[in-house]
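See structure below.
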Amino acid sequence: MMKAYLIGLVLGICLCLAAEFLFFVHGGIPVATKGGPMPFERFLAKSALRSAIGQEAQRSSPISADETNLLAGAHVYRKQCAECHGAWGRPTSATAIGMFPAPPQLLPPKKGVTDDPAGDTYWKAKNGIRLTGMPGYADSLSDTEIWQVSLLLLHANELPPIVQDDLRQ
Ligand code: HEC
């Protein structure tokens, strides 16, 4: 009796996995960038990201948000991030328009952008976000540069005029 129950359970699980596999390989899931998210996609992706970042979001910056660091952050932003996340005074790029998920437009600053702690932005810029197009910069930017661009975004709505001018170039 118990044995039959166990065999049934294992068969049931195998069938579910097989159905899922067939669904994937026969094009059941959207792979083009046009079209909306799958059911629960956004919820699952956000939850996984939040738990991966965990306590690291609370990490505070080892450098201060002075003019020199914000200016350096602006240089990093213009060179590495603006194409996807928006340049001040320029329309959204074709790259950004064509991506799924869409890269949030971080500049010019809107309400909400500066709510994320610098540690959260630092983690995302350093490690990237898999399968979204958001690159990880751990191997191409120094730790200091990643903190500088994170501080720039944290203070995006209160930047000194010299940094704003730099971003508008
Ligand atoms: C090739 C395009 C691309 C480039 C270049 C890029 N990003 Fe992203 N970024 C994305 C996408 C797409 C997302 C959205 C990911 C998602 O939906 O989870 C994202 C998300 C983010 C987020 C999370 C925003 C939020 O509100 O949750 C931050 C912070 C971020 N990027 C910072 C940066 C920084 C800093 C740089 C430059 C050093 C950068 N990105 C360069 C595509 C890009």
Side-chain angles (χ1 to χ4, degrees), residues 29-160 162-169:
I29 58 165
V31 288
T33 56
K34 260 189 186 284
M38 288 182 292
F40 304 115
E41 181 178 347
R42 197 162 281 152
F43 170 75
L44 290 173
K46 293 270 175 233
S47 308
L49 184 61
R50 210 171 308 119
S51 77
I53 301 176
Q55 288 304 311
E56 291 217 40
Q58 306 311 323
R59 243 178 104 181
S60 54
S61 170
I63 56 169
S64 72
D66 59 23
E67 208 169 272
T68 312
N69 281 327
L70 291 175
L71 204 53
H75 290 171
V76 172
Y77 184 89
R78 280 201 286 121
K79 199 153 176 230
Q80 309 291 351
C81 325
E83 177 71 13
C84 288
H85 288 294
W88 213 320
R90 252 174 277 156
T92 308
S93 73
T95 302
I97 291 172
M99 290 183 76
F100 182 93
Q105 298 300 287
L106 304 177
L107 282 184
K110 288 169 207 80
K111 230 173 119 66
V113 168
T114 52
D115 296 355
D116 289 340
D120 192 79
T121 302
Y122 170 84
W123 192 99
K124 290 171 181 167
K126 183 171 178 179
N127 300 293
I129 308 174
R130 194 185 277 229
L131 296 179
T132 69
M134 169 61 199
Y137 291 90
D139 294 335
S140 46
L141 292 177
S142 71
D143 234 37
T144 306
E145 287 171 317
I146 300 177
W147 278 116
Q148 283 165 335
V149 74
S150 304
L151 289 175
L152 174 89
L153 292 176
L154 180 69
H155 295 285
N157 57 2
E158 50 182 11
L159 292 171
I162 183 175
V163 181
Q164 292 191 28
D165 288 348
D166 186 86
L167 283 168
R168 285 202 184 90
Q169 274 180 34

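Each ligand, and each atom within it, is numbered from 1 in the order the structure gives.
- Nearest protein heavy-atom neighbour of atom 5 (C) of ligand 1: Gln80 O, 3.1 Å.
- Nearest protein heavy-atom neighbour of atom 35 (C) of ligand 1: Cys81 SG, 3.6 Å.
- Each side chain to side chain donor-acceptor pair (under 3.5 Å) pair with one or both residues in residues 123-135, not counting sequence neighbours, appears once here: Asp120-Lys124, Tyr122-Lys126.
- For Cys84 against Ala96, the heavy-atom pair with the smallest separation is O-CB, 3.4 Å.
- Looking at atom 17 (O) of ligand 1, its nearest protein heavy atom turns out to be Pro101 CG, 3.4 Å.
- At a heavy-atom distance under 4.0 Å, only side-chain atoms of Pro135, from C-beta outward, approach ligand 1.
- When all heavy atoms of Glu145 and Leu141 are compared, the pair lying nearest together is OE1-CA, 3.4 Å.
- Rounding to the nearest 0.5 angstrom, the gap separating the CZ atom in Arg90 from the CZ atom in Arg168 is 12.0 Å.
- Regarding atom 2 (C) of ligand 1, its nearest protein heavy-atom neighbour is Cys84 SG, 1.9 Å.
- Of the inter-residue distances, the one linking Leu159 atom CG with Leu107 atom CG reads 7.5 Å to the nearest 0.5 angstrom.
- Heavy-atom proximity to Thr121, at under 4.0 Å, picks out these atoms of ligand 1: 29 (C).
- Within the structure, ligand 1 has His85 among the residues with a heavy atom less than 4.0 angstrom away.
- Between Asn69 and Trp147 the shortest side-chain heavy-atom distance does not fall below 4.5 Å.
- Remark: ligand 1 atoms within the under-4.0 Å shell around heavy atoms of Lys124 are 23 (C), 27 (O).
- In terms of protein heavy atoms, atom 14 (C) of ligand 1 is closest to Pro104 CD, 3.7 Å.
- In terms of protein heavy-atom proximity, atom 41 (C) of ligand 1 is nearest to Tyr137 OH, 3.3 Å.
- Scanning the protein heavy atoms around atom 32 (C) of ligand 1, the nearest turns out to be Met134 CE, 3.6 Å.
- The shortest contact between atom 12 (C) of ligand 1 and any protein heavy atom is with Thr132 O, 3.2 Å.
- Between Thr33 and Gly98 the shortest heavy-atom distance is OG1-O, 3.2 Å.
- Taking every heavy atom of both residues into account, Ala87 and Pro108 meet most closely at O-CD, 4.3 Å.
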